[in-house]
There are 2 protein chains.
Amino acid sequence: MLSNSSKYAIKGVLYLALNSNADHKVLVRDIYDTIHVPEAYLAKLLQELSRHGIISSTRGPKGGFYLSDEDRKHTLLEIVKVIDGENRLNSCVMGIRNCDMDNPCVLHKLVGGNKSKFINVLESTTILDLIDGKKGVEEFFPM
Amino acid sequence: MLSNSSKYAIKGVLYLALNSNADHKVLVRDIYDTIHVPEAYLAKLLQELSRHGIISSTRGPKGGFYLSDEDRKHTLLEIVKVIDGENRLNSCVMGIRNCDMDNPCVLHKLVGGNKSKFINVLESTTILDLIDGKKGVEEFFPM
DNA sequence: CATAAAAAAGATAAAAATATCTTTTAATCT
DNA sequence: AGATTAAAAGATATTTTTATCTTTTTTATG
């Protein structure tokens with residue numbers, strides 16, 4: 001359902017949500033170990049998210065990645081769509097042609113409901129929602 | 001969540017459920033076009049299922065793949081486990097270490113419920129359940 | 001302005017998933 | 001028994017995903 005890349009991206013954004021703001025940017029090298037994502041790969045993913053305006057970044061000294069207040073209003077689904085593309089989530093669970101919500105195949109009816117709910121959660125959950133009331137990274141990235 | 005291979009396999013088994021029995025075996029070459037799965041690849045998948053006792057087959061003239069009455073009692077989850085292995089479904093949605101149902105990470109709590117339900121459907125649905133009351137292939141594989 | 005810091009971009013590599021092709025084995029039928 | 005049929009097994013190829021490495025561009029600062 002979700003690619004590894006999307007999971008990585010969400011973990012990265014989550015870290016930024018908990019540890020950064022416009023006045024305190026963070027470097028990929030400070031993140032990757034905590035969230036268990038290869039450094040160079042994480043860099044690529046964050047760059048992609050930045051390019052799409054999901055997160056913020058500045059180059060050069062004192063630069064790094066961070067989340068503005070606006071950034072925090074983005075949903076998990078937006079992250080997933082940037083990384084995995086629209087198609088992956090929209091396609092029929094069973095990969096059957098001409099099958100969608102309106103004209104579901106038998107299998108779609110069977111498992112499609114749960115999938116829809118899964119997507120709904122991603123769509124209705126913002127970064128802010130996720131970290132609301134949480135204090136530290138430990139809670140999100142248990143060893 | 002499900003690999004393409006698993007989807008292919010389920011489609012193949014579904015076709016067998018609708019079109020075969022011990023007295024009427026079918027060849028891969030008669031299946032693949034209808035369910036839109038590459039011929040040689042489908043053959044491999046069905047062979048794997050046969051090897052694991054999920055479906056039946058015999059070689060030689062009048063041979064082919066088919067489902068015995070017993071075969072029809074297998075669940076979708078069994079098919080998925082043979083093709084994708086145990087790990088794919090059991091791993092944490094977010095790929096976070098030491099995270100499971102008992103000690104869920106924040107994201108797990110968020111989407112884990114829907115995933116569990118998805119797996120429950122696969123686990124509680126047999127091949128027989130799937131085709132119960134259905135008349136033809138068209139209903140399952142709409143063009 | 002020169003230097004250093006850090007993201008951005010581009011190129012390449014490795015691994016996994018998907019797909020095909022060839023050879024072997026087993027079953028049936030004449 | 002010999003020929004033929006079809007799955008089983010094995011080997012190879014392609015594509016996609018995941019991952020790394022190198023170069024370039026931007027920015028801050030001495």
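Here A/Leu27 lies in heavy-atom contact (under 4.0 Å) with sugar-phosphate atoms only. When heavy atoms are screened at a 4.0 angstrom cut-off, B/Val26 is found touching the sugar-phosphate backbone but no base atom. Among the heavy atoms of the strands lying under 4.0 Å from A/Lys44 is at least one base atom, whether or not backbone atoms are also near.
Here the straight-line distance linking atom CG of A/Leu67 with atom OG of A/Ser20 works out to 4.5 Å at 0.5 Å rounding.
Regarding A/His36, its NE2 atom lies at a distance of 17 Å from the C1' atom of D/dA19, rounded to whole Å. Computed from coordinates, the B/His52 NE2 to D/dA8 P distance equals 13 Å when rounded to whole Å. Taking atom CG on A/Leu45 and atom P on C/dA7, their separation rounds to 14 Å, with Å as the unit. What separates CZ of B/Phe65 from C1' of C/dA27 is a distance of 14 Å, to the nearest Å. Nucleotide D/dT16 holds its C1' atom 13 Å from the CG atom of A/Asn4, rounded to whole Å. Following rounding to the nearest Å, B/Ile55 (CD1) and D/dA7 (C1') show an atom-to-atom distance of 11 Å. Rounding to whole angstrom units, CD of residue A/Glu39 and P of D/dC21 are separated by 10 Å. Summarising the geometry, the separation between CG on A/Leu16 and C1' on C/dA6 is reported as 15 Å, rounded to the nearest angstrom.
Between B/Tyr41 and B/Ser5, the side chains place a donor N or O and an acceptor N or O closer than 3.5 Å (distance only, hydrogens not considered).
If you check distances only, the side chain of A/Gln47 does reach the base of C/dA8 with a donor-acceptor pair under 3.5 Å.
The minimum heavy-atom distance linking A/Ala9 with A/Leu49 is given by the pair CB-CD1, 4.0 Å.
Here the side chain of B/Pro61 is nearest to one of C/dA6, D/dT5, D/dA19, namely D/dT5. When the nucleotides C/dA6, D/dT20, D/dA7 are ranked by their closest atom to the side chain of A/Tyr41, D/dT20 comes out on top. When distances are taken from the side chain of A/Ala40 to each of D/dT20, C/dC21, D/dA28, the shortest belongs to D/dT20.
Distances shown here put a side-chain N or O of B/Ser57 below 4.0 Å from the OP1 or OP2 atom of D/dA8. Side-chain N/O atoms of A/Tyr8 include one lying less than 4.0 angstrom from OP1 or OP2 on D/dA19. The side chain of A/Thr58 contributes no N or O atom lying less than 4.0 Å from OP1 or OP2 of C/dA6. Side-chain N/O atoms of B/Arg29 include one lying less than 4.0 angstrom from OP1 or OP2 on D/dA6. In this structure, A/Ser5 reaches the D/dT18 phosphate: one of its side-chain N or O atoms is under 4.0 Å from OP1 or OP2.
Taking A/Lys44 as the reference, nothing meets the salt bridge (charged side-chain N to carboxylate O under 4.0 Å, His left out) condition, with sequence neighbours excluded.
Across the interface with DNA chain C, nearest-nucleotide mapping of A/Gly60 and A/Arg51 shows A/Gly60 to be the residue nearer the 5′ end.
Within the structure, every pair that satisfies the salt bridge (Lys or Arg N to Asp or Glu O under 4.0 Å) test and touches residues 46-69 of chain A, not counting sequence neighbours, is listed here: A/Glu48-A/Arg51.
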